[in-house]
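Just so you know, these numbers come straight off a predicted model, no measurement behind them. Only this structure's heavy atoms are used, side chains among them; waters, hydrogens and symmetry mates stay out. Counting starts at 1 for both ligands and their atoms, in listed order. We count residues from 1, following the sequence as given.
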Amino acid sequence: MCGIIGYIGHRQAAEVLLHGLSQVEYRGYDSAGMAVSNGKDLRILKDQGKLRDIHAKHNFLQLEGGIGLGHTRWATHGPPCERNAHPHYDCSKRVAVVHNGIIENHRALKAELEKKGHKFSSDTDTEIAAHLIEEELKQKKPVDSAVRSALSRLEGTYALGILIAGENRLFLARRHAPLIVGRGKSDEMFFASDIPALLGYTRDFILLNEGDMAQIDSKGVKIWGADGKEASRPPLHVDWTPQMAQKMGHDFFMLKEILEQPITLASALSADVSEGVKLLSGAKRPAIVACGTSYYAALVMQYLLHKQKREAGAYLGSEYASWHTGQEDVVVAISQSGETADTLSAIRLAKKEGAAVLAITNVVGSTLSREADATLYIGVGPEVGVVATKTFTGQLAIIYKLAYSLSGDKKGMDALLQSPAMVQKMLDSIRPAVRELAKLMSKRRNFFFISRGIGWPCALEAALKLKEITYLHAEAYAAGELKHGPISMLEDKVPVIAIAPSGALAAKMESNIRECKARGASLVVLSDDETIRKEGEHALVMPKVSEDLVPLFYILPLQLLAYYMTIELGRDPDQPRNLAKSVTVE
Ligand code: F6R
C-alpha cells in the first residue's frame, strides 16, 4: 500500500513531506521519494529502503521550494529499486507523478506513447501518467484541461499527485484509492492518502469522491467531479492531535483509541472497496469467517447481505470446518491482526475447496492478506490496546461501504459518509454521563446486554468488551431469547443494558425491557427515543441513526462504559490478563 502526501505553502515542502511520510510508515513500503519545486524548476530524490536511511543517504532537505509531493511505495509493477521508486518524470522532466493503485491499461498506453517517441525509465505503470500529461501539454491546452484529458485515458485504480514545473499549484485525482485534501491554517494546503499523515499540520479535511480531480494552491482547492463539472465536497473537522501511537495525554491507549474513532472511521471510509465488490457481486454462496470481536462484525455483514437478499453465512473461524457446506464460493475473512490461527485455518480449508478469499484486515503484509485473493485494509493505524475498539468500527466502516457499493444504496452511503462527524459529536456529549454510570455499575458483578436485529451483534460485542477488561460476568442475548431461559437470573437489581433504538423493533424491545423490570432488574436504556429511555432506571441519549448504523454508534458508549468501569476497579484496560493482540494458536 503506497502512501502519498502533497504540500503547497510557505514552509519548505521537503520538511512537511518527510514528516508526513514518516506518519504513514505503518502501511508498509519498500522505497520512498519526493519531488519539490520552487515554482520554476523541480527536482526528485528517491531510493529503495526505509525513509530514514534514504534521508541519511540523500538528505531530502536539500530540496528547496514550497511545493512538493512525497511517496512511499509498496511494489506492484517492477521490483523495489531506485528507478521504480516514485515520483516519476515525463521525458522533459517537467512533470512529476506519484501514484497508489494500478493502471490496468498501461501496456496499451505505453505502446502508444512509445510510438510517439516517449522514453520510459521505470518498469512502473505510474510513469505512463507523467508522459500522458506531457503529451497533452504539447497541445497547448490550459494546464488543468491537459491533466484532465490525460487522466481520462487511465483505466484501473488510482490516487495520483501531480507536480508540474512552473506551476504554483498541485493536481490530484482519485478513483477507488484513498486521497484526502487538508486545509492549513494560513496560506497552505495539503493532500494525503491517510489522515494521520497530515495531523501534524491540520485537522480540517475534505474527502474527495470517487472519480474526483482537484487542484490545490496555497489559498484553497478547486474540485471537478467525475462528470468534469466543478464540484464542492463537505468539510470534515477532526478534533484530534497527531501522535497515533502515543497515549497523547491519556492514561491508557484504550481511551485514546476509543476517542480517535471519528478520525479512524474517516480513514476507513476512504478505503477502496472495489476489489471486494468485484468478488462478492458474482458470489452465489458467500461465507464470512472471523473470531471474537471480528465475528460480531461478521454478523453485521451477514445481516446487511441478507437484507439485500444475498445468502451469506457468518461462521466462527474455529467452527467453520464443522458447519460449512463445502459449496462456499467466496469467503470473507475479517481479522484486525490478519494472524488469527482459527481464521487462517478456515480460509485454508475454503481455498482447498475452491473458494476465493476476500480479507478485511488492518495489518498490511499480514498472513491473511498474503493468502487472500484480495484484501480490503481498514487503515485505522496501529491499535496498541489489546482489546479491539477502533479496529471494530473500522471493520464496520468497510463492511457498510462494501454492502452499499454492492447494492448501489446512495442514501445509505451518504448517511455512512456523515458518520465520522456525528460520532465526534456523540462522543463529546455522552462521555460525562457514561463516566457517572461507570461509577455505579462498577459496584455490580453480573451484567446482561440485550437488543434485537442488527443491534444484537452490538450487544454481543459490548458484553465481550466488559468481561475482557473488568473480569466481571457479562452475557448478551437477543432480547426475545430472555424469556426462553436467562430471565430466571434477573433478580436483585441485576443490570440489564438495553440497546433500544427507535424503529421497527422498538415496540418489541420495549416489551422485553418491561419484562426485565418486572423481575427486579435495573435497566440501563440506550435510545434516541425519549419514551423508551423513560423505561430505564438509567438512560443514555443516543442520536437518531439509520437501523443499519446502530452497531457503529451504539458500541461507542459501551466501549467507554467498559473502559471507565475498569478504571474504577483499578485494573489495566490495555493489557488484560490472559489476552494477546494476535491469537496465533488454534
Ligand atoms: C476482543 C478481541 C478479540 C479479537 C479476536 C480475533 O477485543 O480483540 O476477540 O477480535 O481474537 O482477532 P482478529 O480480529 O485479529 O482476528
Tell me whether the rings of Phe448 and Tyr477 are parallel (<30°), tilted (30 to 60°) or perpendicular (>60°).
parallel
Residue pair [X] / [Y], side-chain donor-acceptor N/O under 3.5 Å:
X: Gln559; Y: Tyr564; value: no
X: Thr293; Y: Lys465; value: yes
X: Glu353; Y: His324; value: yes
X: Arg452; Y: Asn512; value: yes
X: Asp548; Y: Tyr404; value: yes

If the cut-off is 4.0 Å to any non-hydrogen atom of [X], which atoms of ligand 1 fall inside it?
X: Thr340; result: 6 (C), 12 (O), 13 (P), 15 (O), 16 (O)
X: Lys465; result: 1 (C), 7 (O)
X: Glu468; result: 1 (C), 2 (C), 7 (O)
X: Gly292; result: 9 (O), 10 (O)

Options Ser294, Ala297, Ala388, Ala290, ranked by nearest heavy atom to atom 14 (O) of ligand 1, top entry
Ser294
Can you tell which of Asp342, Thr293, Val289 gets a heavy atom nearest to atom 9 (O) of ligand 1?
Thr293
Could you check whether any heavy atom of Glu339 sits closer than 4.0 Å to an atom of ligand 1, since that is the contact criterion I want to use?
no
